[in-house]
Amino acid sequence: MTAFVHPSAEQLQDQLRSELVTRFGVEGTDVTPEMTFGDLGLDSLALVELSDVLQSVLEVPIADDDFNGEQTIADVVTLLQDKLIEHAGAQGQV
């Protein structure tokens, strides 16, 4: 059995920042842990698109309604970490 090595919070935040900058035109300096998606100007359609992108990149299930405008970047990083751990456990990789 191979132990699953999941990305750190910093790596997830960097991945999230990269996607927000390249796909949604957000300024990289605006993507700080305390900023919300609403603060960054992302609407519900953009959040659905972001969930699809991160689901593909991280290869972990993310529902369309897992993200909302009130969540901070730190909240989303924690959510992604939890989903990665949960998914790895379901796959028997923990």
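The first residue of the sequence shown is numbered 1, and numbering continues consecutively from there. Hydrogens, waters and symmetry mates are skipped; everything else that's a heavy atom, side chains included, is used.
Glu10 and Ser8 form no side-chain donor-acceptor contact under 3.5 Å, judged by distance and modelled atom types alone. Residues Gln15 and Glu19 bring a donor and an acceptor atom of their side chains to less than 3.5 Å of each other.
Checked by atom type and distance alone, the side chain of Gln71 never pairs as donor or acceptor with a backbone atom of Val76 at under 3.5 Å. Side-chain atoms of Asp39 come within 3.5 Å of backbone atoms of Thr36 as a donor-acceptor pair (strictly under, hydrogens ignored). A donor-acceptor pair is defined here as one N or O able to donate and one able to accept, closer than 3.5 Å; no such pair exists between the side chain of Ser56 and the backbone of Asp52.
Under the 4.5 Å side-chain heavy-atom criterion for grouping Ile, Leu, Val, Met, Phe, Trp and Tyr, Val48 is not connected to Val26 through any hydrophobic cluster. Taking hydrophobic clusters as Ile, Leu, Val, Met, Phe, Trp and Tyr residues chained together by side-chain heavy-atom distances below 4.5 Å, Leu54 shares a cluster with Leu79. Note on Val21: it does not cluster hydrophobically with Leu40, by side-chain heavy-atom contacts below 4.5 Å among ILVMFWY residues. Under the 4.5 Å side-chain heavy-atom criterion for ILVMFWY residues, a single connected hydrophobic cluster contains both Leu50 and Met35. Both Phe24 and Leu12 belong to a single network of hydrophobic side chains, linked directly or stepwise wherever heavy atoms of I, L, V, M, F, W or Y lie under 4.5 Å apart.
Here the straight-line distance linking atom CG of Asp64 with atom OG of Ser51 works out to 4.5 Å at 0.5 Å rounding. The OG1 atom of Thr32 sits 7.5 Å away from atom CD1 of Ile73, with the distance rounded to the nearest 0.5 Å. Of the inter-residue distances, the one linking Gln81 atom CD with Leu84 atom CG reads 8.0 Å to the nearest 0.5 angstrom.
In this structure the side chain of Leu47 never reaches within 4.5 angstrom of the side chain of Asp65, judged on heavy atoms. Residues Lys83 and Ile62 form a side-chain contact, since some pair of their non-hydrogen atoms from C-beta on lies under 4.5 Å apart. Side chains of Gln13 and Pro33 form a contact here, defined as non-hydrogen atoms less than 4.5 Å apart. Contact of the Thr72 side chain with the Val77 side chain is not registered, since no non-hydrogen atoms from C-beta on lie closer than 4.5 Å.
Heavy-atom neighbours of Glu59 CD from other residues, nucleotides or ligands within 6.0 Å: at or below the threshold of 12.
Here ring-ring contact (aromatic ring centres under 6.0 Å, His included) pairs that include residues 46-87, with residues two or more places apart or in two chains, are Phe37-Phe67.
Glu27 is linked by a side chain to side chain contact (heavy atoms under 4.5 Å, CB included) to Thr29, Asp30, counting only residues two or more places apart in sequence or in another chain.
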